[in-house]
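Keep in mind it's a predicted model, so treat the numbers as computed, not measured.
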Amino acid sequence: MTAPLDRFRYRLLIALIALMLGGHAHWMPPLYVGWLCAVLAVAGWRARHQVRATDALIRLPLLLATLAALIYTVGSPIGREGGSALLGGLIVLKLFESSGRRDARVITAAALFFCMIGFLFGQGLTLTLYFCAVACACFVTLHVVSSSGDGSWLGLQRDLRRGLRVAGRVVAASIPLTVLAFVFFPRLSSPLWGAPGMPRMARPAFPTGCARAH
Amino acid sequence: MLARWRDNLMRLAELRLPALTRYRQSEPLPIRLHPRRVYILPTRFGLGFAVLLMAMLIGALNFNNNPALLLALLVAATTMIGFHHNVGQLNKVELQGVAADPVHAGQPIRLRLNFRATGGSERPELIVDQNDTQTRFSLPSEGAAEAFLLLPTLRRGRMPVGRFRIWTEYPFGITWAWSVLHPQAQVLVYPAPEHAAPALPTGDPREQGQRLRFPGDDWHGLREHRPGDPPKHVAWKPSARQERLLVKEFADPQSQAVLLDWHALHLDKEARISRLTRWVIDARDRQLPFRLRLPEIDLGPGIGPAFAASCLRELALLP
């Protein structure tokens, strides 16, 4: 039996997922993002007094509704956009069956992975910095959900301050190692498997039969 | 079945891996932790996190996606630096003392473990455990703290505190660092009192009115003066008649003291100890003076919690 998750830590988790979704808003259909935000709001409202896992009779319709919203807005759940949007939806829905700190850790790790997924849809400097900041927030959340708080708002504030200090220090100490590894880490000369949307999969814009104009 | 298999594996590990387990031997206090005796392993979540991290790295490399690779490496580096913080939580922690208030056999004993940090930062999430009991405490930087551990007691006498483990998953819950502490310390366990014991025996009839406690309040008689007797006790008129110095003597009869006699009980050894323990507790609770006569030692008469504690101690330490 894992330690229970208090409502303040649960809200912190919701805030983290909202941050994570914020980085994906540029490519996800607004309607789908809106739906996920609404589901997040319901999760927050549900846990206003106590955090407990929701009954399967509520979770199943929510899952079906999210799938319907995904198919309506994105199309098929298979493929890069569809699969990524589905993963985002599943992370949000995981909140409804979370009541322990172990669940919170799993959601945080999934959020970290979903940050990386974001780079499939954009690789700008702003987005990179944003997702690195979200990764730091994930470590702060991991610290807070691992701490044995007393379940009070003041306890969360204390843990959050300590988490910011500790995670900030650890992340700052890891930056030189990250840069060094980034520079010297060997790259693959060719992908291990077919990567959709990669340059080698691109097709010329002109039909092969076009003749060069003279 | 699983527990037996685990115990066998641990025993084998101790036989085959002395380097790993040498610190499990009992050692005198204080015990100071240092990095060579702090071990680290991933938690169950940490194992899943490692798989996720590998997936992130392979995905980033496969897609030749530099920002994704940067993020994956940042996460990996942060996790690795977290290992050092995890071990650092136990480094320079010192166990200075172990103490406990005695309890009767069968009751849980509350161990007080005195820890002190001899350097480094605050350690907010330390856990001490032994078998199924565990307690969480925090240790301020360059400060001391007490951890309390409830342990079961089975038999009277001196009980070795045994091995226990100090561990932490701080800061991120990805790894857990631990060390084993086995201090050379013992705590006292009193005998278990008999449940349906006969009533407390009142004074010994053979001694009724015979044994006296000097000095007392009641007039007892006259005796010859001894050097050091106070002048106010000198009986001048009888001294003049007898032509020698006599003093008045005062004494209290001692027969009110309850005699708890080992030899008067015709039971086996543990049953005698158990009954005498019950009577000592009853006499203490009723504020009665009592004597305890044991095979090798005669205690009292005395009264009060301190005297009762010394009697219970002698009962606990009987061979």
Exercise. With a 4.5 angstrom heavy-atom cut-off, which part of A:V171 approaches chain B: side chain, backbone, both or neither?
Worked result: both
Exercise. Does any heavy atom of chain B fall under 4.5 Å from the side chain of A:C115, the backbone, both, or neither of them?
Worked result: both
Problem set entry | Candidates B:L71, B:L73, B:V75 - the one meeting side chain to side chain contact (heavy atoms under 4.5 Å, CB included) with A:T178 | B:L73
For this session: Could you walk me through whether A:R187 and B:N66 pass the side-chain contact (heavy atoms from CB on, under 4.5 Å) test, one step at a time?
Result: CA-CA 10 Å; A:R187 269 50 167 192; B:N66 277 335; 3.3 Å; yes
For this session: Would you indicate whether B:R44, at its atom CZ, is surrounded by more than 12 heavy atoms from other residues, nucleotides or ligands within a distance under 6.0 Å?
Result: no
Seminar exercise, completed: Shortest non-hydrogen pair, A:S146 vs B:E125, comes out as O-OE1, 4.3 Å
For this session: Verify, without hydrogens or angle tests, whether A:H143 (side chain) and B:F172 (backbone) share a donor-acceptor contact under 3.5 angstrom.
Result: no
Exercise. Which answer fits A:A172, side chain, backbone, both or neither, if we ask what part of it has an atom under 4.5 Å from a heavy atom of chain B?
Worked result: neither
Problem set entry | Contact winner vs chain A - B:L61, B:N65, B:L52, heavy-atom pairs under 4.5 Å | B:N65
Problem set entry | Region of A:I117 in contact with chain B, defined by heavy-atom distances below 4.5 Å | neither
Seminar exercise, completed: Rounded to the nearest 0.5 Å, the SG atom of A:C132 sits from the CG atom of B:L70 at a distance of 5.0 Å
Exercise. Can B:Y170 and A:R162 be said to form a side-chain contact (heavy atoms from CB on, under 4.5 Å), step by step?
Worked result: CA-CA 12 Å; B:Y170 189 90; A:R162 199 177 61 204; 4.1 Å; yes
For this session: With a 4.5 Å cut-off on heavy-atom pairs, point out which of B:G173, B:P67, B:A55 contacts chain A the most.
Result: B:P67
Exercise. Contact part of A:L125 toward chain B, heavy-atom cut-off under 4.5 Å: side chain, backbone, both or neither?
Worked result: neither
